[in-house]
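Have a look at the structure below before the remarks.
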Amino acid sequence: MNEWVNGTWEKLDRKLRVTCARNGDILPYTSHNGRFTDSAKSDIAWWTNGFWPALLWLMYAGTKDEEYRRGAESAERILAGAFAEYDRLHHDVGFMFHISFGADYKLTGSREARTRCLYAANLLAGRYNPNGEFLRSWNGGNNVGWVIIDCMMNIPLLYWASEQTGDPRYKYIAMKHADKVLKTHIRPDGSVNHIVELDPDTGEFIRTYGGQGYEEGSSWTRGQAWAIYGYVLSYIHTGEARYLDAAKRVAHYFISCVAATGYVPRIDFRAPDEPTLIDTTAGAIAACGLIEIANNVGEYERNTYLDAAMKILRALEEKYCDWDTDTDPILTMGSEAYNRGSDRGHHMSIIYGDYFFAEAIYKLRGEKPLFW
Ligand code: GLY
């Protein structure tokens, strides 16, 4: 295992040194003709805009190479412009700012980065609905009670804010949200709803939506991955066993489904076999969560999760990693959504695929800190 992990880390470093130098003034999202597209220009408030600086910070953490640090700081100068877009920022301020500015603060002690991260935490905390006991996901007139599973990855920003400030309110909000979602999104069989609509006045369950999955009641794979990683992170920050149990329950479901397709996830575990639609990003995210579960269970349980993570990562590396330094992205064949009636794409590189793949390899090398 170590040989493969170290070899893959070297491939990441070899390619990212080149792409870091080539992409100093953009925030990549997907790619066109092998080169990153710039979502800072098209939408500075886009939810994925923190992943490029985060990826460069991760490489800096693992190599201490100053080129990565300069690249990350340059990307952050662009990303800081998103704070001017108050009306368009939503719960994904966690994704955007925690693993970018928060990682910067962890690695360099930058006070400016810490301040920005605290602003982001306050934006997220401000979305809390105290009657409903949930964090509102998106903006807009008709979704005041909508909660999406992805938010489980945003709430570590709140745990961090309590750890930083000594003020427990952020953590209380995060835990109320995690407890609500445990009841409304995590199904008894370990599969997960993507979108749940709650009564904004009472928090009562109203209905579910298929969201980025195949249909209502299906099982959007990246949503399952957000739940695995999100709940184990809630466990790491709180020590509450119910969160680790939730992460394990979804992990068992995920592992049994992904084993049936050679450890490469389909976009939705409950969709027709044809067309064959896959989402490599879901595999990379789930692998990160599985590795953290392995790090937090007993010796005789650990291998169930680590072995599954390795099988997923090796399958992705064997079939879907592009190591050519003439092209920018690494992980190919990610998918935005199942795509019934929306214009979201299939089988493309997406920046968070590269980020989570690299984070999983970084973790397997035993590196610290944890960025979330
Ligand atoms: N958080 C949105 C997505 O996973 O596509």
Side-chain angles (χ1 to χ4, degrees), residues 27-31 37 39 42-43 45-52 54-55 82 88-100 120 123-124 127 134-140 143 146-157 177 181 185 191-196 208-215 218-231 233 250 254 265-269 271 277-289 329 331 333-357 359-360 372:
L27 296 176
Y29 176 49
T30 181
S31 63
T37 60
S39 67
S42 55
D43 183 0
W46 184 235
W47 76 277
T48 65
N49 282 352
F51 284 108
W52 179 238
L55 178 55
R88 299 189 43 252
L89 293 172
H90 50 63
H91 73 141
D92 283 337
V93 290
F95 279 117
M96 290 175 73
F97 301 118
H98 189 192
I99 54 169
S100 53
L123 287 172
L124 183 56
R127 302 186 70 81
F134 63 85
L135 286 156
R136 178 181 179 176
S137 293
W138 293 320
N139 304 334
N143 55 24
W146 286 26
V147 178
I148 70 171
I149 187 65
D150 321 29
C151 191
M152 286 305 299
M153 292 299 291
N154 289 323
I155 63 175
L157 174 64
H177 182 83
V181 168
H185 288 64
S191 68
V192 176
N193 290 311
H194 181 200
I195 302 176
V196 176
T208 66
Y209 298 88
Q212 284 161 256
Y214 177 66
E215 64 183 359
S218 73
S219 173
W220 175 50
T221 312
R222 194 161 62 250
Q224 323 301 292
W226 293 141
I228 296 170
Y229 199 8
Y231 272 103
L233 288 170
V250 183
F254 192 100
R266 298 163 64 193
I267 297 181
D268 192 312
F269 287 134
L277 299 174
I278 68 169
D279 177 18
T280 55
T281 72
I285 296 158
C288 286
L331 193 61
M333 301 289 275
S335 291
E336 291 176 307
Y338 193 89
N339 206 0
R340 295 199 328 157
S342 85
D343 59 359
R344 292 179 165 197
H346 291 153
H347 297 176
M348 58 205 263
S349 62
I350 318 179
I351 190 63
Y352 47 83
D354 290 10
Y355 173 79
F356 284 103
F357 183 81
E359 190 189 295
W372 297 93

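From a predicted model like this one, the values you see are computed outputs, not experimental measurements. For ligands, and for the atoms within them, numbers begin at 1 and follow the listed sequence.
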So, regarding Asp92 and ligand 1 (criterion: nitrogen or oxygen to nitrogen or oxygen, under 3.5 Å), is there a contact or not? no

Considering residues at least two apart in sequence or located in another chain, which fulfil the side chain to side chain donor-acceptor pair (under 3.5 Å) criterion with Thr37? none

If we only count N/O pairs under 3.5 Å, is Arg344 in contact with ligand 1? no

Quick one: pull up OG1 in Thr280 and CD1 in Ile350 and give me the separation to the nearest 0.5 Å. 7.5 Å

Taking side-chain contact (heavy atoms from CB on, under 4.5 Å) as the definition, give me every residue that meets it alongside Ala284, ordered by chain and number, with sequence neighbours left out. Leu316, Leu331, Phe356, Phe357

Can you pull out the closest protein heavy atom to atom 5 (O) of ligand 1? Residue, atom name and distance to 0.1 Å, please. Arg222 NH2, 2.5 Å

Taking the six-membered ring for Trp, are Trp138 and His91 parallel (under 30°), tilted (30 to 60°) or perpendicular (over 60°)? perpendicular

In terms of residue, atom name and distance, what is the protein heavy atom nearest to atom 1 (N) of ligand 1? Asp150 OD2, 2.7 Å

